[in-house]
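Before any comments, here is the structure.
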Amino acid sequence: SSANGGLGWNPIGVWNSSDFTGTLDGGGFSIDDVVINRPSTQFCGLFASIRGSSAEVKNLNINNADVTGSTYSGVLSGYVFENPTIFGVEIHGEVSGGDYTGGMAGVIQNNATNVYECTTDVLVSGLNYVGGFCGQFGNDAIIYENKSIGNVSGTGTVGGFIGRSY
């Protein structure tokens with residue numbers, strides 16, 4: 001994409017200072033052809049980070065995504081934490097990044113974050129902590145009734161669904 005000088009989509013929010021805390025209800029509609037080409041940028045995805053109990057992303061399809069980022073990269077978000085809800089999101093495409101890279105998000109963690117009834121069909125490549133759904137998962141987060149298909153590759157701690165769980 002030629003948008004933003006070839007960098008493509010500019011992720012919404014900034015991790016730990018202006019995280020996405022609102023609601024996005026896609027109503028079953030699709031966002032197609034998202035391109036992010038920021039190989040030296042951390043927290044890459046449609047959203048840089050999704051945070052807090054007021055944050056909700058639901059009923060959304062993302063098709064033909066092409067995301068390239070650094071550490072903490074995923075098609076939907078680089079980092080999902082502190083109790084948001086992600087529901088009914090379906091993602092198709094590819095993502096490549098550094099450590100903590102996943103088809104949905106680089107990291108999903110903290111305080112009963114709920115992610116359910118989501119699907120990723122994403123080609124995922126990264127370094128350490130790489131997964132088809134998320135690169136790292138843990139610390140009281142809750143994920144259920146999700147599925148991930150697609151090839152996953154990395155240099156260490158790689159999983160078809162989750163790269164690292166703690």
Side-chain angles (χ1 to χ4, degrees), residues 1 3-4 7-38 41-69 72-97 100-124 131-150 152 161-163 165:
S1 170
N4 291 315
L7 298 174
W9 177 261
N10 188 21
I12 296 169
V14 176
W15 180 78
N16 215 23
S17 69
S18 62
D19 313 285
F20 179 76
T21 59
T23 297
L24 171 61
D25 184 348
F29 288 97
S30 297
I31 298 173
D32 296 332
D33 304 314
V34 173
V35 174
I36 300 172
N37 184 23
R38 299 171 182 266
T41 301
Q42 295 184 347
F43 304 99
C44 275
L46 187 63
F47 299 95
S49 54
I50 301 171
R51 178 184 196 177
S53 61
S54 64
E56 183 176 53
V57 178
K58 62 184 179 180
N59 306 317
L60 177 67
N61 299 309
I62 302 172
N63 297 311
N64 198 33
D66 185 358
V67 176
T68 301
Y72 307 110
S73 292
V75 174
L76 182 67
S77 182
Y79 213 96
V80 177
F81 66 121
E82 293 185 358
N83 201 24
T85 298
I86 312 295
F87 164 73
V89 175
E90 187 169 321
I91 299 174
H92 301 272
E94 58 185 88
V95 61
S96 63
Y100 307 102
T101 297
M104 174 73 64
V107 173
I108 297 173
Q109 66 182 24
N110 292 108
N111 303 333
T113 295
N114 289 289
V115 181
Y116 60 102
E117 296 181 22
C118 296
T119 300
T120 59
D121 181 1
V122 180
L123 175 63
V124 181
F133 198 80
C134 67
Q136 177 172 283
F137 167 81
N139 200 16
D140 296 328
I142 301 167
I143 57 176
Y144 57 97
E145 296 181 10
N146 299 291
K147 66 181 176 179
S148 177
I149 52 180
V152 181
F161 191 73
I162 295 171
S165 178

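In what follows, every heavy atom counts, from backbone to side chain, and hydrogens, waters and symmetry copies are set aside. Just so we're clear, the structure is a prediction, and the values are computed from it rather than from any experiment.
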With rounding to the nearest 0.5 angstrom, report the CG to CG distance, L76 to L24. 8.5 Å

Using atom types as modelled, flag every donor-acceptor pair under 3.5 Å from a side chain in residues 85-94 to any protein atom, sequence neighbours excluded.
from: E90; atom 1: OE2; to: H92; atom 2: NE2; distance (Å): 2.7

Please list, chain by chain and in numerical order, all residues satisfying salt bridge (Lys or Arg N to Asp or Glu O under 4.0 Å) with E56, sequence neighbours excluded. K58

Here the pair of heavy atoms bringing N16 nearest to R51 is OD1-NH1, 2.7 Å

Let me confirm one number: the OH-OG1 distance from Y72 to T101, rounded to the nearest 0.5 Å. 10.5 Å

Can a donor-acceptor pair be found, under 3.5 Å and without considering hydrogens, that links the side chain of R38 to the backbone of W9? yes

For the CD atom of E145 and the CD atom of E117, what is their distance to the nearest 0.5 Å? 5.0 Å

Step-by-step side-chain contact (heavy atoms from CB on, under 4.5 Å) determination, V122 to M104: CA-CA 8 Å; V122 180; M104 174 73 64; over 6 Å; no

For S49 and F81 the tightest heavy-atom approach is CB-CE2, 4.2 Å

Holding to ring pair (Phe, Tyr, Trp, His ring centres under 6.0 Å), I want the full list of residues that pass it with F47, two or more places apart in sequence or in another chain. F20

Answer whether the closest heavy-atom distance between the side chains of V80 and V57 falls below 4.5 Å. no

Closest heavy-atom pair, P84 versus T113, reported as atoms and distance to 0.1 Å, is CD-OG1, 3.4 Å

Can you name the residues that form a side-chain contact (heavy atoms from CB on, under 4.5 Å) with S53, not counting sequence neighbours? N83

Taking atom types as modelled and ignoring hydrogens, do the side chains of T120 and S148 form a donor-acceptor contact shorter than 3.5 angstrom? yes

Below 4.5 Å, heavy atoms only, C-beta onward: do P11 and F43 meet side chain to side chain? no

In this structure, CG of N114 is separated from OH of Y144 (nearest 0.5 Å) by 5.5 Å

Nearest non-hydrogen partners of A48 and S77, listed with the distance: O-OG, 3.5 Å

Of all heavy-atom pairs between L46 and I62, which one has the smallest distance, and what is that distance? CD2-CD1, 4.1 Å

With F133, which residues qualify under ring pair (Phe, Tyr, Trp, His ring centres under 6.0 Å), at least two apart? F161

How many angstroms lie between atom CD1 of I108 and atom SG of C134, to the nearest 0.5 angstrom? 4.0 Å

Listed pairs under 3.5 Å, donor-acceptor, residues 26-34 side chains, sequence neighbours left out:
from: S30; atom 1: OG; to: N63; atom 2: ND2; distance (Å): 3.2
from: D32; atom 1: OD1; to: N63; atom 2: ND2; distance (Å): 3.0
from: D33; atom 1: OD1; to: N64; atom 2: ND2; distance (Å): 2.5

Point-to-point distance, once rounded to the nearest 0.5 Å, from OG1 of T68 to CG of N37: 5.5 Å

Nearest atoms (heavy-atom pairs only) where C44 meets V67: CB-CG1, 4.5 Å

